[in-house]
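Below is one structure, written out as structure tokens; the observations come after it.
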Amino acid sequence: MNRRPRPRPLPRRAVWRLALPVPRVAAALLQALAWTVLLAAARPVFEALWQAALGGWLQTLALPSEGGDGMPGPGALVAYAAAAGSTWWAAARLARAGERWRPAVLLLRLAAAALAVGAAAAALWPQALAGAIEGHARLMLWAFVLLIAAAPWVHALAAGLLQLPPSRQAALSALSVLWLALLAPLLTASHLALLSVLGLPVLPLLHLLLGAPLALLGLVALGAWVVRWPATAGG
Amino acid sequence: MSWLALFTATALLAVLPLLPALAECRRGHRAPSPPPDDGDASDPAHTARRFRARLALALADGAREISAGREIVGLPAPWAWPLDEDELRQQRTQRVWHAAGDLMLPRGMHFEAEVLAEGHLHTAPHGRHHALWAGRRLALAERSGVDAWAHGQEVEAAAGCRLRGAVTAERRIVLQRDVGFTVLHAPELRTEPAAPARPAPPQPVPLPEALAWDGRTGRALFREPLHIGPGHEWPGDIVSHGDITLGAGCAAHGSLKAHGELRLGEDVVVDGSLVAEGRIELGAGCRVAGPVVSAATVVLGSGCQVGAPGRPTTVSAPRIELAPGVVVHGALHATIDGRTQ
């Protein structure tokens, strides 16, 4: 046997020496591209389903499809201001209950601020809010269209980073698209129903807390759940 | 009725993806706290020591609170717990508890902040704790858990403990069966029960065939899986693009690196390190002087020893399994799941 020559220290690994896993990244991006083509082809189906679902709810609830005025009277504005103040007070009380309530405190404060802004806008500049209810429905549906289109690409990037197998990436995209497609008409109809009852001052609250942020939160939660599937279940 | 149906359906659908996360919150599982600063990278006990120092400073100043407005409660006796009505009803406390002597934690409480005892600290079975510090021995009772960190002169974890945070000791950490862990650091880490004494293996003989040493890198490179029979020894590093399998009683006076799996039979001695992209499996009674690093799983068989007194090293892998009687000098770092058998 040869004697071992004098060892030399191994070179340190540097980031620039790491190889990009081209096959994995390419597979993830190709899958995202396939999803985009599939979703583009299925767009008329989505539109028809959403139109039927949203129209059905508006008809059932006897809501006007064009939105309506939604301008509150002076008494209602005072009630909104009082509701904003009460919410802020509740947040302050909850903040004293401990650190574990901090997320709820932040949400309550955001809700109070959104209510106050909505009431102030309706009181000081009502002309700017004309037609906002009808526009809100369009905006909500467009937000969901964009989220559905973007989700597979976000999942492709996540699959590259987290080394998700293609089967799990596909499952994540399918679940996300399905959930968003089901939620869009329901959430929009709920917003229109709330606006018809409560008036325009709740519009900022719906936008900031119960609109696209809610959908984003759900997408993140879905992603976290799928990523944590045991390896045997998701490939 | 339709309104109620619409709002109920919307709320249920909106909450549906959050259910797994909410269920986890209800179970109280929390991810281990990330290292707060660079100090943790080289010294896993850094966070515990730093908190102990901050608390000592606060107590010396006569402060009644520490960061984030958490109240400090001094305990006069190990069994006297001035828990208030809310804490007793909710079975959880967010106050920082400190005892000048020994401390025995009460049953059925969730300690969501730090608990420190200058003497011995004993937890209750099934107890849940954010962070624990003991000036002497820290005894974790059956099925108790640590979420952020725990530190003591000696730490003993009974069966079924779940150590999600870094657990460090000045002298020794002893783990019973079925203990889950992520980061352990001590001069001596031991799993119990101890392994029975093994008969000394026969003296290894040099390999009959010459390994092709690369003069530039100082190692032997194999582009295919390598199998070396039992009872051989060789002086140098071996790298294989496939798996490496060593028979019982081999002695490697160098390191082993496999792009596949690395399997060592019983009583194998390695003077250097073990590195593999796949699983590393050590048979009973193996001894490794250097680090053991895998990109998949490390399994240490009964009676294995990694590192040596005064020569600490590291076992690092996403998953680590320890048989009874294993001794590691240094650190165990399981990025996903570590467990004793």
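In this text the structure is predicted, and so the values were computed from the model without any measurement. Lettering follows sequence order; numbering is per chain, from 1.
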Specify the closest pair of heavy atoms between A/Leu183 and B/Thr10, including all atoms of both residues, with the distance to one decimal.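 Answer, listing the atom of A/Leu183 first, then B/Thr10: CD1-O, 4.2 Å.
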
Minimum heavy-atom distance B/Pro17-A/Ala221, with the two atoms named: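 That closest heavy-atom pairing would be O-CB, 3.4 Å.
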
With a 4.5 angstrom heavy-atom cut-off, could you sort out which part of B/Ala5 is near chain A: side chain, backbone, both or neither?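 Answer is both: backbone and side chain atoms of B/Ala5 are under 4.5 Å from chain A.
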
What part of B/Arg92 is in contact with chain A, defined as an atom under 4.5 angstrom from a non-hydrogen atom: side chain, backbone, both or neither?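 For B/Arg92, the contact with chain A is made by the side chain alone.
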
Chain B contact via A/Leu217 - which portion, at a heavy-atom distance below 4.5 Å: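 It is both, since atoms from each part get that close.
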
Given that the side chain runs from C-beta out, which part of A/Leu61 has a heavy atom under 4.5 Å from chain B: side chain, backbone, both or neither?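 Backbone plus side chain of A/Leu61, per the 4.5 Å heavy-atom cut-off to chain B.
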
Hey, could you give me the CG/OG1 distance between B/Leu6 and A/Thr60, rounded to the nearest 0.5 Å?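 B/Leu6 atom CG to A/Thr60 atom OG1 measures 9.0 Å (nearest 0.5 Å).
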
Quick check: are there more than 12 heavy atoms from other residues, nucleotides or ligands sitting under 6.0 Å from CD of A/Gln51?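 Atom CD in A/Gln51 is not crowded, with 12 or fewer foreign heavy atoms closer than 6.0 Å.
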
Evaluate whether atom CD of A/Gln59 has more than 12 neighbouring non-hydrogen atoms of other residues, nucleotides or ligands under 6.0 angstrom away.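 Count not over threshold, so no.
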
Do A/Val197 and B/Trp3 touch side chain to side chain, with heavy atoms closer than 4.5 Å?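 Counting from C-beta outward, A/Val197 and B/Trp3 do come under 4.5 Å.
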
Highest number of heavy-atom pairs under 4.5 Å with chain B: which of A/Ala189, A/Ala193, A/Gly218?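 Result: the option with the highest number of such pairs is A/Ala193.
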
Indicate yes or no for a side-chain donor-acceptor contact from A/Trp179 to the backbone of B/Leu13 under 3.5 Å, with no hydrogens or angles considered.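 Yes, A/Trp179 side chain to B/Leu13 backbone: donor-acceptor pair under 3.5 Å.
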
